[in-house]
Amino acid sequence: MNTAHPPMLAWHYTLGAHLLRILENGHILPHDTPDTPALECPVAWFSLNQRHDPSALKSIEVNGVVQPPTLAAMRQWGNGVYRLGISPKALLGGEALRRQARIGKARWADLLKQAKACGANASEWYGSVDPVPAADCVIEVLNDAQQWVRV
């Protein structure tokens with residue numbers, strides 16, 4: 001018996017607070033951070049991690065106290081946790097992504113160290129320097145039972 005498996009998707013993990021903006025824009029927009037060098041291109045990041053990429057977790061400040069980055073905290077304070085999935089064939093990974101985004105080798109090495117430190121696997125990272133159409137993505141939400149369900 002041949003059981004077909006759904007194709008593996010690369011996921012852009014986000015908060016409900018950001019999902020509305022993505023849907024309004026119609027795209028997942030490449031994003032940089034304050035420490036991103038001016039020569040680099042912003043990246044719309046995705047991960048092949050089918051549960052959740054630890055590097056996508058962000059600390060949340062509640063009443064002046066920084067909360068540790070956990071899915072539960074993200075879900076509670078971020079108006080839910082969502083992910084948008086697309087075929088990794090539509091994205092770049094590894095060295096091709098590094099070159100396209102003009103990320104220097106030293107900074108890439110730092111990103112790899114940060115990934116390892118938080119338990120992420122940088123070999124699962126994919127991305128795009130161009131906006132990714134939201135209409136091309138599958139959208140899922142993390143439910144009360146900590147399971148991903150299609151929206």
L23 reachable from I28 in the ILVMFWY side-chain graph, under 4.5 Å edges: yes
Smallest separation among heavy atoms of G127 and L91, with atom names: O-CB, 3.6 Å
Check: S128/D130 side-chain N/O donor and acceptor closer than 3.5 Å: no
Cluster check L48, W45: I/L/V/M/F/W/Y, side chain < 4.5 angstrom: no
Side-chain touch Y82/L142, heavy atoms, less than 4.5 angstrom: no
Spatial distance of atom OG (S47) from atom CG (N121) [nearest 0.5 Å]: 8.0 Å
Closest heavy-atom pair and its distance - L84, T14: CD1-CG2, 3.9 Å
Pairs meeting criterion salt bridge (charged side-chain N to carboxylate O under 4.0 Å, His left out) with involvement of residues 134-144, two or more places apart: R75-D144, R83-E140, E140-R150
Where W11 and V138 come nearest, the two heavy atoms and their spacing: CZ3-O, 3.9 Å
Distance-minimising heavy-atom pair for C118 and P54: O-CB, 3.2 Å
Spacing of H27 atom NE2 and R21 atom CZ [to the nearest 0.5 Å]: 16.0 Å
Side-chain touch D53/W125, heavy atoms, less than 4.5 angstrom: yes
Atom pair NZ (K113) and NZ (K116), whose distance is rounded to the nearest 0.5 Å: 10.5 Å
Sub-4.5 Å side-chain heavy-atom contact between M74 and L15: yes
Could you pull out every donor-acceptor pair under 3.5 Å between side chains of residues 36-44 and any protein atom, sequence neighbours left out?
residue: T36; atom: OG1; partner: T33; partner atom: N; Å: 2.9
residue: T36; atom: OG1; partner: T33; partner atom: O; Å: 3.1
residue: T36; atom: OG1; partner: T33; partner atom: OG1; Å: 3.0
residue: E40; atom: OE1; partner: R107; partner atom: NE; Å: 3.1
residue: E40; atom: OE2; partner: R107; partner atom: NE; Å: 2.7

H52 vs W148, side-chain contact (heavy atoms from CB on, under 4.5 Å): CA-CA, chis, key distance, verdict: CA-CA 10 Å; H52 190 272; W148 291 105; 4.2 Å; yes
Q50 CD to E124 CD distance, which is reported to the nearest 0.5 Å: 8.5 Å
V129 with L29, same ILVMFWY side-chain cluster at under 4.5 Å: no
Atom of P88, atom of A10 and distance for their closest heavy-atom approach: CD-N, 4.0 Å
Criterion side-chain contact (heavy atoms from CB on, under 4.5 Å) against F46, the qualifying member of I86, L92, L9: I86
Evaluation steps, side-chain contact (heavy atoms from CB on, under 4.5 Å), between C137 and V132: CA-CA 9 Å; C137 297; V132 176; 4.2 Å; yes
Between CD1 on residue I22 and NE2 on residue H18, distance to nearest 0.5 Å: 8.0 Å
